[in-house]
Amino acid sequence: VGPYVLVTPNENRRKQLQQIAKKELDDLEQWKKEHRPGPITLVPQRLGGNKSEAQVRQNQQMILMQSKYQKKGKREEYVKAKKAAEEAEILKKKAIQREKAERLEFKRRQEEMQRREMLLEDQMYKTNELLNRLDMGLPKSDSCQIANPGPESTAWKRSHAYKQALREDENRRLEEMKQEQQRKAELMEFKQKQEEETRTRAHQKEQRSCLQSLFIFYCTLRVNNAFLDRLQNKTQPNNIYQPGYTG
């Protein structure tokens, strides 16, 4: 601790300050007493509206009933809209799955037809190869000048006719398969158009149903409001000068 200087208190100065503070406190108390607010004097008058307490309570009850009906109608409307949205989503998913299944079926049929075509081509190639091998062992028609054709030339003609008939048959089958594939493609396209039209009509029908439900709900709400208004008009007094009325 460093050095310090002790100052002796001035008793006279302290007393003067205490006297000044006391005087100021006394003046403040005196000012409060002088400026204290007096009693409030108001002209007596009757407060309230132009309706009795029973009428006000009845109006409150009617408003509460109307709010309950409105909440109930909104809840029903929300449930219907949610259900309609869920049904539309389910129908949409079913349509997508149906289209996928039809696409897969169409692809499977195309692959089956391609496999058959390849099988027929392979069979035709093997048949032609066999006939060519048979033709190699037979004499040519331009190298043999025989008045009466022998059994070898007859066999060659039969093999040639058989080969030609087989080719015509294969060509006919290929043409029929192509036509069948074209008919299936047209049928598939027609079916897809019909399904699209069916979905469009179902969507329009659903929209009309939702609009009809909203219209019925709106009419019901108007009827309920009109009924409540009539009931309220019946419960209100016809004469404003009945007891309990304060205008």
Side-chain angles (χ1 to χ4, degrees), residues 42 44-114 180-247:
L42 295 175
Q45 58 182 353
R46 191 168 183 175
L47 302 177
N50 55 357
K51 293 182 180 180
S52 63
E53 183 179 358
Q55 293 176 354
V56 173
R57 296 293 184 188
Q58 188 174 5
N59 290 335
Q60 289 179 351
Q61 187 176 4
M62 296 293 292
I63 293 172
L64 181 62
M65 291 175 63
Q66 289 180 358
S67 65
K68 286 183 179 179
Y69 282 118
Q70 290 176 357
K71 288 180 180 179
K72 184 178 179 182
K74 289 181 179 179
R75 194 181 302 111
E76 291 178 354
E77 182 180 357
Y78 172 75
V79 170
K80 288 181 180 179
K82 186 177 180 181
K83 186 176 180 181
E86 290 177 354
E87 291 179 354
E89 187 69 20
I90 291 171
L91 291 175
K92 184 178 179 182
K93 290 181 179 179
K94 286 183 178 179
I96 292 172
Q97 294 296 329
R98 192 183 301 109
E99 288 179 358
K100 288 182 179 179
E102 290 175 354
R103 205 173 292 117
L104 290 173
E105 182 66 19
F106 183 71
K107 186 177 180 181
R108 187 186 65 80
R109 290 178 180 176
Q110 282 186 342
E111 291 177 353
E112 182 68 20
M113 292 179 68
Q114 290 177 0
E180 183 180 1
Q181 185 177 3
Q182 185 177 2
R183 286 196 301 270
K184 288 181 179 179
E186 293 176 355
L187 182 62
M188 184 69 69
E189 185 178 0
F190 179 71
K191 189 176 180 181
Q192 289 179 356
K193 288 182 180 180
Q194 281 187 342
E195 290 178 355
E196 185 68 24
E197 292 177 356
T198 305
R199 286 197 297 270
T200 304
R201 287 196 297 270
H203 183 64
Q204 292 176 357
K205 185 178 180 181
E206 185 179 355
Q207 287 183 347
R208 286 196 297 270
S209 173
C210 291
L211 291 174
Q212 289 177 359
S213 301
L214 289 174
F215 180 71
I216 293 171
F217 170 72
Y218 177 70
C219 293
T220 307
L221 185 62
R222 288 190 61 184
V223 171
N224 292 335
N225 290 334
F227 173 73
L228 294 174
D229 292 339
R230 289 197 300 271
L231 184 62
Q232 184 177 359
N233 292 330
K234 288 181 180 179
T235 54
Q236 287 182 356
N238 295 325
N239 190 1
I240 62 174
Y241 297 101
Q242 289 182 357
Y245 174 80
T246 56

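The structure presented is a predicted model; accordingly, all values stated were derived computationally and were not measured.
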> Does CD belonging to Q61 count more than 12 external heavy atoms closer than 6.0 Å?
Replying inline: no
> Who passes side-chain contact (heavy atoms from CB on, under 4.5 Å) against Q60, sequence neighbours left out?
Replying inline: V56, R57
> At what distance, to the nearest 0.5 angstrom, does NZ of K94 lie from CD of E89?
Replying inline: 12.5 Å
>> Let me confirm one number: the CG-CD distance from L91 to E206, rounded to the nearest 0.5 Å.
In response: 7.0 Å
> Roughly how far, to the nearest 0.5 Å, is CG of L221 from CD1 of I216?
Replying inline: 13.5 Å
>> Rounded at 0.5 Å granularity, tell me how far NZ in K191 sits from OG1 in T198.
In response: 11.0 Å
>> What's the separation between atom NE2 in H203 and atom CD in Q207, rounded to the nearest 0.5 Å?
In response: 3.5 Å
> With a 4.0 Å cut-off, would you call E180 and K184 a salt bridge?
Replying inline: yes
> Quick one: side-chain contact (heavy atoms from CB on, under 4.5 Å) partners of Q204, sequence neighbours excluded?
Replying inline: T200, R208
> For R199, which residues count as a side-chain contact (heavy atoms from CB on, under 4.5 Å) partner, sequence neighbours excluded?
Replying inline: A95, E99, E195, E196
>> For F106, I'd like to know if atom CZ has over 12 heavy atoms of other residues, nucleotides or ligands within 6.0 Å.
In response: yes
> Which residue pairs pass the side-chain hydrogen bond (donor to acceptor under 3.5 Å, both in side chains) test with at least one member in residues 65-81, sequence neighbours excluded?
Replying inline: none
> For I96, which residues count as a side-chain contact (heavy atoms from CB on, under 4.5 Å) partner, sequence neighbours excluded?
Replying inline: K92, K100
> About how many Å separate CG of L64 and CG of N59, when rounded to the nearest 0.5 Å?
Replying inline: 12.5 Å
>> For residues 104-113, which residue pairs pass the salt bridge (charged side-chain N to carboxylate O under 4.0 Å, His left out) check, not counting sequence neighbours?
In response: E105-R108, E105-R109, E112-R115, E112-R116
> Around E186, counting heavy atoms of other residues, nucleotides and ligands shown, do more than 12 lie under 6.0 Å from its CD?
Replying inline: yes
